[in-house]
Amino acid sequence: MGPPGAGKGTQAAFIKEYYNIPHISTGDMFREAMRNETKVGIEAKKYIDKGMLVPDSVTNALVKERLSQADCKKGFLLDGFPRNIPQAEALDQIFKDLNIKLDAVINIDVDFSVLVDRVVGRRVCPKCGASYHITNLKPKKDGICDVCGSELIQRKDDTEETIKTRLDVYSNQTKPLLDYYKKQNLVKTINGVGDVNAIFEDIKNSVGGN
Ligand code: AMP
């Protein structure tokens, strides 16, 4: 968990690699559905372009379907889901149905004052999902993904106007989830400002295992 621009996607890539588990990002799934112009993609686009949440019924069904797949049997990382209390309740039910136990909730903590710059300066790879920043986390070659060599793009919802709505959505709907999971003693809060490798070390130390 963490607000837009906290570094969830960047750390998710490290976690996926280190723990060898699938990275399940509802944002990435929606972006892929939009590229393929599926029914879900067309519906999601109406909300995503405005910085609003896609309706829970659409999102929850997508997650349940994904978590039922075989590669999730050995564990997985959820990124960007749940994003409100009803989604967390739906996830509890999905876990019950699929006999899954939630181990930890990683909360990446970043002061709101730095998030707008991080998000507006973000550039992403449309092919492999790797994330960069025009000044803080530059690719080796300008505008080109280090991982797969594709041309980097700016997400349509990474504008100064949309990020304000997304931060409001985070404060009003997503942040209350921290209390929901604190009551279950699952929250590991990590300082999300600093070197990305050092932040990942903190995550490993707080989550443990491999
Ligand atoms: P992200 O890549 O996580 O920043 O997500 C980008 C956008 O996708 C969000 O601003 C929402 O419009 C939509 N989205 C992603 N995850 C969810 C979710 N769990 N519930 C509803 N909308 C979501």
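What you see below is based on every heavy atom in this structure, not just the backbone, and it leaves out hydrogens, waters and symmetry mates. Just so you know, ligand 1 is whichever comes first in the structure, and atom 1 is the first atom listed for that ligand. Only a predicted model underlies this, so the values are computations on that prediction, with no experimental measurement involved.
Among Arg166, Arg83, Gln87, the residue whose heavy atom lies closest to atom 20 (N) of ligand 1 is Gln87. Scanning Val54, Val63, Asp49, Val124 for the heavy atom closest to atom 21 (C) of ligand 1 points to Val54.
Listed by number with element, the atoms of ligand 1 under 4.0 Å from a non-hydrogen atom of Thr59 are 18 (C), 19 (N), 20 (N), 21 (C). Listed by number with element, the atoms of ligand 1 under 4.0 Å from a non-hydrogen atom of Met52 are 11 (C), 12 (O).
In the displayed structure, Glu37 atom CD is contacted under 6.0 Å by at most 12 heavy atoms of other residues, nucleotides or ligands.
Using a 4.0 angstrom heavy-atom cutoff, Arg155 counts as in contact with ligand 1. In this structure, Arg31 counts as a contact residue of ligand 1, since one of its heavy atoms falls inside 4.0 Å of the ligand.
The pair Arg166-Asp158 meets the salt-bridge criterion, with a side-chain N (NZ, NE, NH1 or NH2) lying under 4.0 Å from an Asp/Glu carboxylate O. A salt bridge links Glu43 with Lys46: the distance from a Lys NZ or Arg NE/NH1/NH2 to an Asp or Glu carboxylate oxygen falls below 4.0 Å.
In terms of heavy-atom proximity, Ile108 sits nearest to Pro3 at O-CD, 3.8 Å.
Where the criterion is an N or O separation shorter than 3.5 Å, residue side chain and backbone included, Gly80 meets it with respect to ligand 1. At least one N or O atom of Thr26 sits closer than 3.5 Å to an N or O atom of ligand 1.
Here the straight-line distance linking atom SG of Cys72 with atom CG of Leu77 works out to 10.5 Å at 0.5 Å rounding.
In this structure, Gln87 and Asn84 have side chains that are in contact, with non-hydrogen atoms separated by less than 4.5 Å.
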